[in-house]
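Here the structure comes first, spelled out in structure tokens, and everything after it is commentary.
Each chain gets a letter, A, B and so on, in the order the sequences are listed, and its residues count up from 1.
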Amino acid sequence: MSIYDSLNNEQKQAVMHTEGPVLILAGAGSGKTRVLVHRIAYMIEEKGIAPYNILAITFTNKAAGEMRERVDNLVGFGSEQIWVATFHSTCVRILRRHIDLLGFDTNFTIYDSDDSKSVMKQVFKNLNIDNKQLKEKRVLNAISSAKDELIGPEQFERDAFGYDEQRIATCYKEYQEVLRSSNALDFDDIIFKTVELFKTHPEVLDNYSERFRYIMVDEYQDTNIAQYELIRLLAKKYRNLCVVGDDDQSIYKFRGANIRNILDFEQHFEEAFVIKLEQNYRSTQNILDAANAVIRNNVGRKEKALWTSQGEGDKLHFRQFDTAYEEAEYIADDLEREVRKAHVRFKECAVLYRTNAQSRILEEKFVRDGIPYNLVGGVNFYDRKEIKDMLAYLRMVDNARDDLQVKRIINVPRRGIGQTTIDRITTYAREHALTFYEACEEVRDIPSIGAAAKKIEGFVDMVRVMRASAPEYGLRGLINDIIERTGYIAELQASEEEDAEDRIDNIYELVNKIVYYEDTTDEPSLSGFLEEVALVSDLDDMDEQEDRAVLMTIHAAKGLEFERVYIAGCEDGVFPSYMSMMDTDPDAIEEERRLAYVGITRAKKDLTITYARCRMNKGEFQYNPVSRFVREIPEHLLDNTLPKQKKVELDSYDNDSYERNIFKAKPFGLGNGSTAGNVFGVGSGISSGNVFGAGSGISKGFGSLATGSTSASKAGSKNGKPSSTLNAMSAFSKGMAKADKLEYGVGDRVSHVKYGQGTVLDILDDVKDYKVTVEFDGAGKKVMYAMFAKLKKI
DNA sequence: CGTAGTTTTGTTTTT
DNA sequence: CAAAACTACG
């Protein structure tokens, strides 16, 4: 009896074929992760390959984490030496060691798409480009695609055709220039620069080729040209490259994924051994039949048909509704019903949709029904303003050349430094070839700054102190120092804004994460933490322990499986998207169809497809026909008949007549049903006692909910983005402790860094900390947490 | 310089 | 509809 006996024939072949190029075409649910993990075990235990020589690359941190865990469980000795990582983190690790060869500092910063946008705005300013004629977004997209195809600024310029492209070429050059002077890389650069490094420094490549003698790549259908090239270079020497993928699940073309990489693998690597995994261990036959029927409509795919030895199972459920509200209501009700009947648990259910915008209505109904849920995607925890501000401070301390961060927070909280001053410093910096911060240091030499100079000097002093004390402070010390020195939380507390408390909680949550990172990482460093933040997405640290249903896009659901799946918004114009229907390239619809295939195959036992005749989009009511993908499912697999196709709809594959189907309609009462309704707050939870992801931002009538969430142990935060990333650990249980008692009492005179002197009116002993109310002589009445207020008794 | 109020604009998906 | 960008005023 060995661990390999549990594999089927094809899986075994894939596992045991360890030498040379291998292509594993793994249909959905065919156990590809199992194969990869067993293959690694086989290589080590049966072939005596050193764990050190193995590299396994995935796309998401979640996939990497899952594989890591399963490998650790299966491989007894030396499993920690196996390199399991995403493309991005692999490349970052390599660049941190060698990027000085390309003229960057090894402590470079990683810019997210928001940062990129800011850089592009600066570029437009520098080049005097009117953003009405050329959109930043368009330029960024063009640059991103270019990088995906390994086209650098010089080549882009050479190939530029026409006025617009030439201007984009100029922007591209300038954009890279700004990044370089900021010692920063954007997402695409991470791969691009690694390839560049390998190409220009063969000795570095050789070093890694020697190390990674056995390479495995998961989700190969999603690789772009740059990633392909990276893998090709690494595998060139030993040629032990095993790729796993499914051309039918290629859904990232917009991100540069090149489906040809997998379709042409046998041409790229001539002696490739190819194996197909078609036995599905996940879904019922009915679900597979539906998936197969849909995907069959695509041309230019590798023929395969999933089958299962499980029974045919229930029919697929199809439900149609008049409005998106009724659709959402049904999904929430039905899901709750099924859980109550003990057919499934919440966490075994997922609601999938095409666009993030669709999540709102669903969330609203889930909150109303008290159904615990996690929302994946949408606004990331790290995308919130207060978190980005805090991170900007950290990044500024970490990388002195990061102008962007300095500009972001130089006036946050307000220091009376306005746009004019910032522009003047920017100009001065450019003229003297300085970074923005260096220019700030020389502020008294800048003419025409006048009164603002003093404020800048104050800022520079503050940054100096932060930088100087950072090394001895440790990370938690640094973040606390920043919070205190900037008075960021103090300002929030003082503000009248409704969501101030939530934002304060979010900041505490960030402190939690920092403390957690510092305590659980071998060699914690500021760069290390920031890197993790930059490369981690919401999905990655979704907590599966908790019993919550999941709401997410179909894209985000790839690689996951659920007992019960709802696919909402199955309408032509939503799914497939309006864009893809209008696209002249037939592959646009095919990609949407692959997405449908991915969605359907997430379900193990039950699949519910819903359709809403009318839905609100960009402030207009849209009337859409049933999705063509639903019509591609044989009717005998559905438990309901589809609405009759109307004459107009028969032609709906034709773009022009489709357009006639979209009406502009005035709201006629439908609108109200959505936002009215009594929604009750977090505290009321559900019987099981689970606190659910509170979407306080969902409805404006929610005032009390926002406050209530503060005291909930696991409250969601503002904007209805439940805190899937937040952990229960309280900011106050680690890192910072609530004082046993305060040195001042009611009636005492105290002083505050920002607001000056005042009289304590009230002290409330809250769970986390004392809430102190102070009447300041100058600034009026403020309520603040004692821990951060740092009040001194006079 | 800061803010409140007004206008405009939305590519759908994301490492 | 909602977020972002812009404008005008104190």
Checklist line | Euclidean distance, atom CE of residue A:M120 to atom C1' of C:dA5 [Å, nearest integer] | finding: 18 Å

Note to self: Between B:dT12 and A:F254, is there a base-stacking contact, meaning the centre of the base's six-membered ring lies under 5.5 Å from the residue's ring centre while the planes stay under 30° apart?
What the structure shows: no

Item checked: Given B:dG10, B:dT15, B:dG2, the nucleotide with the shortest approach to the side chain of A:F187 -> B:dT15

Note to self: Counting the atoms with a prime plus P, OP1 and OP2 as sugar-phosphate, which does A:S580 contact under 4.0 Å by heavy atoms, base, sugar-phosphate, or nothing?
What the structure shows: nothing

Check: What's the closest nucleotide to the A:M579 side chain, out of C:dA5, B:dG2, B:dT11?
Finding: B:dT11

Margin query: Taking CD in A:E69 as the centre, count heavy atoms belonging to other residues, nucleotides or ligands within less than 6.0 Å. Is the count above 12?
Written below: no

Checklist line | Whole angstrom value for the distance that separates P of B:dT13 from OH of A:Y353 | finding: 10 Å

Note to self: Nearest to the side chain of A:K121, heavy atoms from C-beta on, is which of C:dC1, B:dC1, C:dA5?
What the structure shows: C:dA5

Next item on the list: Tell me what A:I417 touches on the nucleic acid: a base, only sugar-phosphate, or nothing, going by heavy atoms under 4.0 Å.
Entry: sugar-phosphate

Margin query: Measure CG/A:D186 against P/B:dT14 and give the value in whole Å, please.
Written below: 18 Å

Item checked: Residue A:T421, side-chain atoms from C-beta onward, closest of B:dC1, B:dT12, B:dT14 -> B:dC1

Note to self: Taking any heavy-atom pair under 4.0 Å as a contact, classify A:N356: base, sugar-phosphate, or nothing.
What the structure shows: sugar-phosphate

Next item on the list: Provide, to the nearest angstrom, the distance between the CD1 atom belonging to A:I554 and the P atom belonging to B:dT14.
Entry: 11 Å

Notebook entry, point to check: Side chain of A:Q358, backbone of A:R354: donor and acceptor closer than 3.5 Å?
Noted result: yes

Margin query: With a 3.5 Å limit on both atom pairs, tell me what B:dG10 is paired to, counting Watson-Crick and G-U wobble, or say none.
Written below: C:dC1

Checklist line | Nucleotide B:dT15, atom P - distance to CG of A:D114 in whole Å | finding: 15 Å

Margin query: Does A:R594 qualify as a cation-pi partner of A:Y597, given the criterion of NZ or CZ under 6.0 Å from the six-membered ring centre and within 45 degrees of its axis?
Written below: no

Notebook entry, point to check: If you look at every heavy atom in A:F192 and A:G152, which pair is closest and at what distance?
Noted result: CZ-CA, 3.8 Å

Checklist line | Nucleotide opposite C:dG10 in a Watson-Crick or G-U pair, distances under 3.5 Å | finding: B:dC1

Next item on the list: Using a 4.0 Å heavy-atom cut-off across all strands, classify A:S577 as base, sugar-phosphate, or nothing.
Entry: base

Margin query: At less than 3.5 Å, do the side-chain atoms of A:H88 and the base atoms of B:dT15 form a donor-acceptor pair?
Written below: yes

Item checked: Main-chain N/O of A:I251 paired with A:H555 side-chain donor or acceptor, under 3.5 Å -> yes

Notebook entry, point to check: Which whole-number value in Å describes the distance from A:D423 CG to B:dC1 C1'?
Noted result: 13 Å

Item checked: Protein-nucleotide distance (A:L140, atom CG; B:dT11, atom C1'), rounded to Å -> 14 Å

Margin query: With rounding to the closest Å, how many angstrom separate the C1' atoms on B:dT11 and C:dC6?
Written below: 23 Å

Next item on the list: Determine yes or no for a side-chain-to-main-chain donor-acceptor pair under 3.5 angstrom, with A:E491 supplying the side chain and A:Y488 the backbone.
Entry: no

Next item on the list: Would you mind telling me which of C:dC1, C:dC6, B:dG2 lies closest to the side-chain atoms of A:N131?
Entry: C:dC6

Next item on the list: Return the value, rounded to whole Å, for the distance between atom NZ of A:K62 and atom P of B:dT14.
Entry: 15 Å

Check: Which part of the nucleic acid, if any, lies within reach of A:Y252 when heavy atoms closer than 4.0 Å are counted: base, sugar-phosphate only, or nothing?
Finding: sugar-phosphate

Next item on the list: Between A:A357 and A:I422, name the one whose nearest nucleotide on DNA chain B is closer to the 5' end.
Entry: A:I422

Check: Which of these nucleotides, B:dC1, B:dT14, C:dA5, is closest to any side-chain atom of A:K117?
Finding: C:dA5

Checklist line | Nearest-neighbour nucleotide for the A:R360 side chain, B:dC1, B:dG10, C:dA3 considered | finding: C:dA3

Note to self: Counting the atoms with a prime plus P, OP1 and OP2 as sugar-phosphate, which does A:K137 contact under 4.0 Å by heavy atoms, base, sugar-phosphate, or nothing?
What the structure shows: sugar-phosphate

Notebook entry, point to check: Heavy atoms, side chains only, cut-off 4.5 Å: are A:R602 and A:I567 in contact?
Noted result: no

Next item on the list: Kindly point out which of B:dT11, B:dT3, B:dT14 is positioned nearest to the side chain of A:N141?
Entry: B:dT11

